[in-house]
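Structure, as structure tokens:
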Amino acid sequence: MTQPPLRIYHLFPRHMNLYGDLGNIIALTMRLQWRGLAFEVIGVNPGDRPDFGRADLLFMGGGQDRGQKLVAAYLETMGPDIRREVNDGLPALAVCGGYQLFGHYFHTYEGDTLPGISVFDAHTEGGSRRLVGNMVAELSNAAALWASTEERAGESAELRTLVGFENHSGLTFLHEGTPALAKVLVGSGNAGDGCSEGALYRNAIGTYLHGSLLPKNPHVADHLLSVALRRRGYAGLPLAPLDDQVELRAHAAALERARTAHTAHLFES
Ligand code: GLN
């Protein structure tokens, strides 16, 4: 039987798309296409009333404070539906400005408080310093469990690091009990102190990593796709491994660059 198309809901594509975040959607859809799986990308814009019960995967990119201000109230109205589906296991990826709005609130440096949708038990405070640069992080134990519980195969499934680019002034504080996505090896991360990066809640991932994230972190892309397909009852898991040579080389090059940069003080030699 042909698999019905996997529905990827892309939240506010016009307002929340910084530093190549659209590349995440391209990576997801290409990895489906290469495996002969059908998909549909549904853009969710201000004023829309989407049925999140039909979503298989949710994505929201980053944005300037201005863009976040514009979409926050619209996102807030969708919050209860999104939370319900995430609680039911819907996989989601929220990057930077999107990640901030997936917490309880973002209190900007100018003094505005933007409401969040409380997917993550976390909040964000605007900071006076902009944290810009390449980041390398090591997946947390919770995230590293992916590989064992997971129907994935291939060399990229072995990756335990995340590489990307961060550019934010907001500092995100995870509340007690919220697991981080990863531990920062190079860069600033959640609270700008080089400790934790991103957050996990059920199958939702929040992260500061742009760049875009998924093309050079194919293990994360396949994790999201596997979860979405498993939730759909797809019989073809584990996913067929892809030829990820280019992706793995990009990942390795980013690791190497971070290792040799002067910011690499957290890397052990
Ligand atoms: N406006 C937010 C900040 O600077 C998010 C920026 C982003 O998405 N890159 O903290």
Side-chain angles (χ1 to χ4, degrees), residues 10-27 43-46 58-76 78-79 82 92-120 122-137 162-175 178 180-182 184 186-199 204-217 220 254 258 263:
H10 186 176
L11 295 172
F12 311 109
R14 287 204 300 271
H15 301 91
M16 302 294 287
N17 176 31
L18 279 183
Y19 316 117
D21 278 340
L22 188 60
N24 292 311
I25 295 285
I26 297 171
V44 176
N45 291 297
L58 206 60
F59 173 71
M60 183 162 167
Q64 318 275 13
D65 291 14
R66 196 164 11 102
Q68 289 175 286
K69 224 189 255 187
L70 237 141
V71 302
Y74 294 104
L75 180 65
E76 193 184 16
M78 301 171 191
I82 293 177
L93 174 65
V95 176
C96 200
Y99 168 40
Q100 295 173 344
L101 295 182
F102 267 48
H104 296 306
Y105 60 85
F106 172 26
H107 186 214
T108 71
Y109 193 62
E110 286 69 41
D112 294 317
T113 301
L114 308 184
I117 58 172
S118 301
V119 164
F120 299 117
H123 74 276
T124 300
E125 296 289 340
S128 54
R129 220 162 36 107
R130 187 147 282 281
L131 307 165
V132 191
N134 294 318
M135 200 203 294
V136 176
L162 297 175
V163 294
F165 168 76
E166 63 182 325
N167 185 350
H168 56 110
S169 53
L171 304 177
T172 297
F173 299 93
L174 305 182
H175 298 187
T178 300
L181 169 67
V184 177
V186 176
S188 301
N190 279 335
D193 53 4
C195 292
S196 75
E197 158 51 24
I205 297 174
T207 182
Y208 272 110
L209 291 166
H210 290 280
S212 29
L213 174 75
L214 298 181
K216 34 183 194 291
N217 295 281
V220 183
T263 49

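Order of appearance sets the numbers: ligands from 1, and atoms from 1 within every ligand. Quick note: numbers below take in every heavy atom, side chains included, and nothing from hydrogens, waters or symmetry partners.
Taking His107 as the reference, nothing meets the ring pair (Phe, Tyr, Trp, His ring centres under 6.0 Å) condition, with sequence neighbours excluded. For the ring pair (Phe, Tyr, Trp, His ring centres under 6.0 Å) test, residues two or more places apart in sequence or in another chain that qualify with His10 are Phe59. Listed by chain and residue number, Tyr19 satisfy the ring pair (Phe, Tyr, Trp, His ring centres under 6.0 Å) test with Phe165 (two or more places apart in sequence, or in another chain).
Summarising the geometry, atom NE2 belonging to His168 is positioned 8.0 Å from atom CD belonging to Gln100; distances are rounded to the nearest 0.5 Å.
Between Gly192 and Leu131, the shortest heavy-atom contact is CA-CD1, 3.6 Å.
Relative ring orientation between Phe120 and Tyr99 is described as perpendicular, the plane-to-plane angle rising above 60° on a 0-90° scale split at 30° and 60°.
Contact residues of ligand 1 (protein heavy atom closer than 4.0 angstrom to a ligand atom; sorted by chain and number): Leu18, Tyr19, Gly62, Gly63, Gln64, Asp65, Gln68, Cys96, Gly97, Gln100, Arg130, Asn167, His168, Ser169, Gly170, His210.
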